[in-house]
Amino acid sequence: MGGVQTGRPFVVGGRRIAFALFALAWVWLVNPAPAQADRDAAATSIQVGVLAYAGKDEALGRWQPTADYLSERNPGYRFVIKPLFLSELRNAFVEGRLDFVLTQSLQYAELSRLDSIWPLATLVVEANGQPLEQLGAVIFTRQGTGFAELDDLVGARVAGTSPNALGGWLLGMQALENAGLDVEHEITPIFTGLPLEAVVDAVLDGRAHAGVVRSSFFQSYLEAYPDSRLVPVGDAAREGFPYPSNTPLVPEWPFAATRHAPDGLAAGVARQLIAMPADAPAAEQARIAGWRPPLDYSIVERLRDKWLPDPISPASLLRHFWHYFVLVLAVLLALFAWQARRATKRLGAEKRRLRRAFSGLHTGAVLTDASGTILLTNRAVEGFARADLDGELFGRPFCEVFNLQTEGLSPQCSFSDLVETVETQETCSVDGMIERDKQRFDVNLKLSRIEAEGGTQLLVSMLDVTDLRSANALLSYRANHDRLTGVLNREAMEEFLSQAMPGRAPRNEPVHASCLVWTDLDEFRLLNEIGSRELGDRILASLASHFSLELPSDAVLARMGVDEFAIWMPLASRDTCALVAREVLEIIHAFRLPDEHEHLRLKASVGVTRIDSDDLLASRRLEDAERACQSAQRLGGDRVVQFSGEDTEMLEREQQIQRYNALRAAIAEDRLNLAAQHIVPVKAGIPMLHEMLLRVTDADGRLRFPSEYIEIAEKHHAMGEIDRWVIRHSCRWLARQPPDRGTVSINLSAHSVQDPEMLEFIRHELGEWNVDPARVVFEITETAAIVNLDQAERLIGAMRRIGCRFALDDFGGGFLSFEYLRRLNPDIIKIDGRLVEDLSHDPVAAVIVSAIVQVSRVMGAQTVAEWVETDDQYRQVTEMGVDYIQGFLLHRPTPLDNGGAEPSRGHAGPDLV
């Protein structure tokens with residue numbers, strides 16, 4: 001008892017001491033010593049570029065402990081891992097952003113051609129219980145194919161991942177060449193892409209007689225699938241190498257230094273890597289057995305030079321064929337000299353011909369020297385010369401011969417003014433007037449400067465444009481004025497606004513405001529029908545005259561449409577635009593015809609908007625005034641509405657028109673595109689489906705989703721044309737695909753379901769492209785089916801007789817009952833994606849999806865779960881027994897131009913090739 005009582009204070013005190021020590025340790029961990037933090041901040045950052053073949057997060061987690069290991073052994077330096085993909089690593093190396101590089105052997109050989117780089121250590125991997133610093137490949141085939149040795153592969157199809165894969169192709173090609181084969185002509189390559197399982201599948205499927213993969217992968221595959229009956233071609237045992245290999249061996253990845261590494265640091269890093277124990281945490285995290293002194297990578301460089309030669313460049317062509325270039329250059333110089341002699345002879349003959357042609361011109365022409373002395377004239381110029389001359393013009397001054405007055409120049413003829421007009425350019429045009437015998441002629445002068453042997457010359461051609469200018473004045477008036485009323489037309493009004501409102505107020509002057517009024521006569525069409533068109537024209541002409549009398553003198557009036565007028569008026573400080581518009585409406589109310597129709601009373605819808613003198617878009621205010629007028633019409637007419645910019649109905653209508661025009665332009669210019677999304681089977685042995693999805697490229701080249709166009713296309717009956725485009729291009733794409741690429745699924749709109757000619761179009765396209773109908777599934781939504789159920793049943797039955805299948809899209813999210821489902825009897829039922837989204841939080845959605853799957857199974861239909869985007873959704877729908885999965889979790893839509901059917905997301909591990 002006494003011992004227990006004596007020890008209790010000690011225990012309590014020990015606990016307090018332990019708690020205090022723990023708190024101090026925690027504070028030290030959370031807030032390290034300032035000196036250590038300062039040392040970390042002052043350390044020089046060393047950039048280590050690492051090839052991220054299996055993803056950047058994986059590469060960072062794998063090699064960061066190695067960087068920490070080097071940072072601890074090199075005070076003052078902090079090593080940072082930069083995970084990069086192939087092209088990113090190459091660019092970073094070329095731009096000098098890396099001090100060290102850890103990448104595959106083949107890319108190391110490529111980088112050594114671009115800049116200074118040298119290996120410090122070679123990576124060692126763990127292979128069957130022993131360290132291995134080299135890699136090899138194996139050329140394999142199926143048992144019983146008769147390929148006993150490598151030279152038996154003459155004429156065979158050999159599969160590899162890609163033409164630039166070191167372990168998946170290049171080592172195999174070198175082994176075949178060493179065996180005496182002409183690789184370029186005696187084998188047929190088949191490139192499957194990654195993963196390496198694709199090469200094995202090509203051999204097992206019979207698409208290739210043999211394949212090339214890394215030796216380590218081949219042995220792992222045989223251990224996982226001992227019944228695959230895959231064997232190496234020839235002897236594949238190599239002393240000291242634990243894997244089957246019948247190709248040359250090359251070094252594993254090098255840890256290399258670039259010329260940007262600090263002086264003296266590279267040697268220390270090499271020693272520290274080689275000294276790293278195999279059980280060090282950095283080596284275990286990197287999943288390697290350690291590092292060894294660097295091997296000789298020249299064999300990799302030779303393989304690269306041989307099988308991946310550099311592209312032909314202008315410098316290489318010049319280096320090998322310079323003597324041919326010299327010969328061609330000499331021939332060209334001789335040809336130019338011969339052409340120069342011919343040109344000199346032709347020039348003399350051309351001068352003689354021009355002199356004869358000069359005299360035959362119908363336009364008056366005068367050639368003078370720089371001082372204005374006439375050197376040459378033609379007969380047509382005599383009609384412009386002064387009458388008191390005796391007809392001989394040669395040698396006279398130009399201004400003595402012609403009584404010329406030009407616009408913007410001297411009041412009387414001054415030849416120096418004419419010379420100045422063409423000093424800055426070779427040819428110019430000047431309008432002027434010539435007086436002869438008290439008659440005046442409007443003339444247009446074409447002045448051309450000519451550099452001749454004796455100095456500068458001036459060619460002046462004269463054209464009588466008196467009648468032309470009168471005609472142009474009349475045409476200009478008619479172009480700017482309305483024929484019926486004599487007021488300005490719409491184009492002239494827009495031009496007036498753009499000039500009268502320059503878009504900015506002069507400095508130190510107040511901003512002036514004006515009003516723009518738009519009037520539209522109410523029920524004017526009824527007046528034309530009750531009376532006659534002649535009466536309507538009289539009303540418009542008289543109203544225009546009435547406006548001219550009643551409106552202020554500074555107002556501008558224009559006729560904008562049949563019965564529409566626009567009026568611009570300056571705004572007095574005491575008035576508002578609404579008051580001005582009401583005055584205009586009162587002027588219309590006061591209008592009377594001075595005859596038997598004086599009882600007529602006009603009403604109008606009036607819209608008005610304000611324009612400031614600094615308005616940058618003054619001409620656009622016509623549209624604002626017109627919108628306000630249309631709003632007045634919608635409100636019943638005979639009223640004034642001022643534009644407020646909040647007419648959402650009008651804006652929405654304009655946006656719909658813009659979208660429809662953009663869609664029509666995309667169809668006309670063939671800017672529609674197709675993308676394919678995989679519909680992946682849950683169980684093996686079921687063929688994959690590819691749903692064809694429409695994309696639209698806008699005028700700026702950006703890819704748009706069709707949802708913003710679908711509503712307007714349905715409203716304007718354009719969906720049938722779009723569906724036909726999709727069917728045609730889908731059949732064309734499917735015709736180019738092998739049968740094992742699966743089936744395409746094409747959506748049909750409600751318009752196409754009701755189109756009586758759609759079935760014949762489908763028959764024609766299937767026959768045109770020789771497509772097996774069994775490879776085509778047509779999707780119809782619940783809404784499209786319920787709009788016309790009888791027509792949908794007839795179309796589905798006819799498509800089944802052709803051989804196509806039918807899928808009911810978005811089932812469970814609309815109004816279609818199971819009774820309709822029984823009548824339609826689809827081959828595939830696609831469960832609405834909104835139900836799949838709600839599975840995790842809505843038990844009712846789970847019951848509905850389960851019921852759809854059960855009913856479909858009884859009907860013999862397959863089911864597709866749409867919008868699967870999470871692993872939890874994937875697990876739930878597979879447990880419910882769906883047959884297919886569709887969603888971003890497995891595959892995102894891919895444009896057909898990019899292949900359109902690349903592999904979906906798989907679960908294979910990373911590959912070092």
Side-chain angles (χ1 to χ4, degrees), residues 40-71 74 76-123 162-166 170 194 250-270 272-273 282 286 291 294 297-298 300-305 307-319 910-913:
D40 291 342
T44 301
S45 178
I46 302 299
Q47 306 296 315
V48 182
V50 177
L51 177 61
Y53 63 88
K56 293 187 178 182
D57 293 339
E58 190 275 344
L60 185 63
R62 182 178 180 184
W63 296 107
Q64 186 58 47
T66 302
D68 299 338
Y69 170 82
L70 295 175
S71 299
N74 295 275
Y77 294 102
R78 180 171 57 88
F79 287 75
V80 179
I81 297 297
K82 293 293 183 183
L84 303 167
F85 297 126
L86 271 172
S87 59
E88 295 177 337
L89 195 147
R90 183 183 187 278
N91 294 337
F93 175 78
V94 171
E95 295 169 3
R97 292 187 280 112
L98 300 178
D99 302 296
F100 295 92
V101 172
L102 175 59
T103 184
Q104 55 165 296
S105 307
L106 188 61
Q107 190 181 38
Y108 167 79
E110 177 190 359
L111 298 181
S112 65
R113 300 299 179 89
L114 303 176
D115 202 347
S116 177
I117 186 173
W118 66 96
L120 302 178
T122 296
L123 184 147
S162 64
N164 61 348
L166 180 61
L170 299 186
L194 291 173
V250 295
E252 277 284 1
W253 290 21
F255 193 102
T258 73
R259 62 184 178 87
H260 300 285
D263 295 339
L265 181 62
V269 169
Q272 294 156 8
L273 288 174
W291 302 88
Y297 287 88
S298 60
V300 181
E301 296 179 2
R302 290 194 296 271
L303 287 172
R304 181 194 177 280
D305 293 341
W307 300 106
L308 300 172
D310 294 328
I312 298 177
S313 64
S316 62
L317 289 175
L318 185 62
R319 185 169 57 254
D911 198 294
L912 283 174
V913 177

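Bear in mind that the values here come from a model prediction, so they are computed numbers and not experimental data.
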Looking at Leu123 and Glu252, what are the two nearest heavy atoms and their distance?
O-CB, 3.4 Å
Could you work out, with side-chain hydrogen bond (donor to acceptor under 3.5 Å, both in side chains) as the rule, every residue matching Asn91, not counting sequence neighbours?
none
Can you check whether Ala286's main-chain N or O pairs, donor with acceptor, with Arg62's side chain at less than 3.5 Å?
yes
Can you name the side-chain hydrogen bond (donor to acceptor under 3.5 Å, both in side chains) partners of Tyr297, sequence neighbours left out?
Thr122
Holding to side-chain contact (heavy atoms from CB on, under 4.5 Å), I want the full list of residues that pass it with Ala270, two or more places apart in sequence or in another chain.
Leu120
For His260 and Gly96, work out which heavy atoms get closest and say how close.
NE2-CA, 3.2 Å
Check: Tyr108 side chain, Val101 main-chain N or O, donor-acceptor pair, under 3.5 Å
no
Sorted by chain and number, sequence neighbours left out, side-chain hydrogen bond (donor to acceptor under 3.5 Å, both in side chains) with Thr103 holds for Gln107
Taken in chain and number order and not counting sequence neighbours, the residues that satisfy salt bridge (Lys or Arg N to Asp or Glu O under 4.0 Å) with Arg302 are none
If you look at every heavy atom in Pro251 and Ser105, which pair is closest and at what distance?
O-OG, 2.8 Å
For Phe93, enumerate each residue passing the ring-ring contact (aromatic ring centres under 6.0 Å, His included) test, keeping only those at least two apart in sequence or located in another chain.
none
List the residues meeting salt bridge (Lys or Arg N to Asp or Glu O under 4.0 Å) with Asp115, not counting sequence neighbours, and say none if there are none.
Arg259
Give, for atom OG1 of Thr66 and atom CG of Leu102, the distance between the pair rounded to the nearest 0.5 Å.
8.5 Å
Mind checking the CZ-CG spacing from Phe79 to Leu265? Nearest 0.5 Å is all I need.
4.5 Å
Sorted by chain and residue number, the side-chain contact (heavy atoms from CB on, under 4.5 Å) partners of Ala92 (sequence neighbours excluded) come out as Leu84, Arg97, Leu98
List in chain and number order the residues that pass salt bridge (Lys or Arg N to Asp or Glu O under 4.0 Å) with Glu301, two or more places apart in sequence or in another chain; answer none if no residue qualifies.
none
Shortest non-hydrogen separation from Trp118 to Ala266 and the atoms involved
CZ2-CB, 4.1 Å
What is the distance from atom CG of Leu70 to atom CD1 of Ile81, rounded to the nearest 0.5 Å?
8.0 Å
Is there side-chain contact between Leu308 and Leu106, with at least one heavy-atom pair below 4.5 Å?
yes
Mind checking what makes side-chain hydrogen bond (donor to acceptor under 3.5 Å, both in side chains) contact with Trp63, not counting sequence neighbours?
none
Contacts of type side-chain contact (heavy atoms from CB on, under 4.5 Å), residue Ala121, not counting sequence neighbours:
Leu273, Ile274, Trp291
Atom pair CH2 (Trp253) and CG (Leu51), whose distance is rounded to the nearest 0.5 Å:
4.5 Å
Nearest heavy atoms of Asp99 and Ser45, plus distance in Å
OD2-O, 4.1 Å
